[in-house]
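Quick note on labels: first sequence line is chain A, next is B, and so on, each numbered from 1. None of these values were measured; they are calculated from a predicted model.
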There are 2 protein chains.
Amino acid sequence: MLDLKNPLSQQQAMEAFFFGYQAFTAKADEMLERRGLSRVHQRIVFFIARYPNLSVKELLALLGVSKQALNMPLRQLLEMHLVESVASETDKRKRLLELTAEGARFEQALRREQVKLLERVFAEAGETAVNGWLAVNLALGESQAHTD
Amino acid sequence: MLDLKNPLSQQQAMEAFFFGYQAFTAKADEMLERRGLSRVHQRIVFFIARYPNLSVKELLALLGVSKQALNMPLRQLLEMHLVESVASETDKRKRLLELTAEGARFEQALRREQVKLLERVFAEAGETAVNGWLAVNLALGESQAHTD
DNA sequence: TTTTAAGGTCAAGCATATTGACGTATCCGT
DNA sequence: ACGGATACGTCAATATGCTTGACCTTAAAA
């Protein structure tokens, strides 16, 4: 079992996380590259799918980048008609972001590949392991969630 | 529990992985920035610590970057006397990489911060969860390990 | 001895991120 | 109604990191 007092165990855990994350993103990165897009584009459509009617400001907070860094890829997605931006009814300064039908298909295609990988790993590692994996990742995220 | 058939569960898992990995690297990134270094520098010293007497070629394979991309940060680490490069006895073309005493301290300081975070999360999520987290990350990494 | 492998470096190009500065539209408190 | 704050978008300059291509030295292997 994992013993975090042991330097070798620490290194193993960190290495596994590094390669695990890399493997998780590899397939989607490849698909994105074929369309001339990058990981930021996926993150954008991912968060819009996860949080419909997301405002630009909220998206910026989730991504943790400057608005100038978001500008270019978001504009590309708008021009490709994968994302739509509509002024909010209640606050007309806000632009609420939505996926178009094609954008939704695109996001799902990327996500499906990643989920397929998780499913393969699920079969290998077992349900308990996958639930633990999720629990630890959630806890890690929480540890950082309110640092802004 | 995690149901990978459910799109919402899929999104939750992916989001958790994204923020989890971000949280995991945040503290070390901060420490690196204070020394004018970046995440690549940590990866270099990390892999040298994990695999002593690593050759440059092996390091390149682990990092998955071009040798030109490695050149600059590795040279910096050599000039800062955090890393040493010695010609292999058995094959004098090869340069085996080692950490200096100071380099070892540096790598440990970065790792310690990340392990501290894992320990906090360990307490929260429980041993079973942590073992599952490790098992899934290992399996993910394995799925990709021999793709080069 | 010719070829291959390991390592190092220079150059050009591209992508992505940053900060700073502006401009416009809209909301909100007084 | 006015003035400040907020949301968004964009231009510019800059830094960084990574890529491919080319070239060189040294050393091992065929």
Side-chain angles (χ1 to χ4, degrees), chain A residues 18 22 25-26 28-45 47-48 51 53-80 83-98 148, chain B residues 18 22 25-26 28-30 32-48 51 53-80 83-98 148:
Chain A
F18 172 63
Q22 195 167 274
T25 58
D29 283 348
E30 205 181 280
M31 293 173 66
L32 286 157
E33 203 182 350
R34 275 198 289 273
R35 297 189 62 149
L37 300 176
S38 73
R39 208 179 285 184
V40 193
H41 296 92
Q42 179 184 15
R43 287 184 186 149
I44 294 171
V45 294
F47 281 121
I48 295 175
Y51 303 106
N53 292 324
L54 197 65
S55 75
V56 172
K57 194 190 183 186
E58 290 164 337
L59 179 56
L60 284 173
L62 287 168
L63 295 174
V65 298
S66 65
K67 64 175 173 175
Q68 293 90 334
L70 175 60
N71 191 297
M72 176 80 88
L74 179 54
R75 194 166 51 196
Q76 289 170 334
L77 291 171
L78 290 165
E79 283 166 4
M80 293 170 80
V83 171
E84 266 177 355
S85 160
V86 276
S88 162
E89 281 301 313
T90 61
D91 184 343
K92 288 174 185 165
R93 292 172 304 178
K94 291 188 185 171
R95 298 301 142 97
L96 305 186
L97 302 171
E98 296 171 2
D148 303 311
Chain B
F18 172 64
Q22 194 167 275
T25 58
D29 283 348
E30 204 181 282
L32 287 157
E33 202 181 351
R34 276 198 288 274
R35 298 189 60 149
L37 301 176
S38 72
R39 207 178 288 185
V40 193
H41 296 92
Q42 179 185 15
R43 286 185 187 149
I44 294 171
V45 293
F46 174 80
F47 281 121
I48 296 175
Y51 303 106
N53 292 326
L54 197 65
S55 76
V56 172
K57 195 191 183 187
E58 290 164 337
L59 178 56
L60 284 173
L62 287 168
L63 296 174
V65 298
S66 65
K67 65 175 174 176
Q68 293 90 334
L70 174 61
N71 191 297
M72 175 80 87
L74 180 54
R75 194 166 51 195
Q76 289 170 335
L77 291 171
L78 290 165
E79 283 166 4
M80 294 169 81
V83 171
E84 268 177 355
S85 160
V86 275
S88 163
E89 280 302 312
T90 60
D91 183 344
K92 288 174 185 167
R93 291 172 305 177
K94 290 187 185 174
R95 297 302 143 95
L96 305 186
L97 302 171
E98 297 172 1
D148 305 310

So do the side chains of [X] and [Y] get within less than 4.5 Å of each other, counting heavy atoms only?
X: A:M80; Y: A:L37; answer: yes
X: B:V56; Y: B:K67; answer: no
X: B:V40; Y: B:V65; answer: no

With side chain to side chain contact (heavy atoms under 4.5 Å, CB included) as the criterion, how do B:I44 and B:L97 come out once you've worked through the C-alpha distance, each side chain's angles and the decisive distance to 0.1 Å? CA-CA 10 Å; B:I44 294 171; B:L97 302 171; 5.7 Å; no
With B for base contact, S for sugar-phosphate-only contact and - for none (protein heavy atoms under 4.0 Å), nucleotides 17-27 of chain D reads SSBBBB----B
Straight-line distance of [X] [atom1] to [Y] [atom2], nearest 0.5 Å:
X: B:S85; Y: B:I48; atom1: OG; atom2: CD1; value: 9.0 Å
X: B:E84; Y: B:L77; atom1: CD; atom2: CG; value: 12.5 Å
X: B:L60; Y: B:Q68; atom1: CG; atom2: CD; value: 9.0 Å

[X] [atom1] to [N] [atom2], straight-line distance once rounded to whole Å:
X: B:L32; N: D:dT16; atom1: CG; atom2: P; answer: 15 Å
X: B:R75; N: D:dT16; atom1: CZ; atom2: P; answer: 15 Å
X: A:L59; N: D:dG9; atom1: CG; atom2: C1'; answer: 14 Å

Assert: residue with more 5' nearest nucleotide on DNA chain C, out of B:L78 and A:M72, is B:L78
Taking side chain to side chain donor-acceptor pair (under 3.5 Å) as the test, write out the residues that go with A:D29, two or more places apart. A:R39
First and last nucleotide of DNA chain C, 5' to 3', lying under 4.0 Å from heavy atoms of chain B: C:dA5 to C:dC10
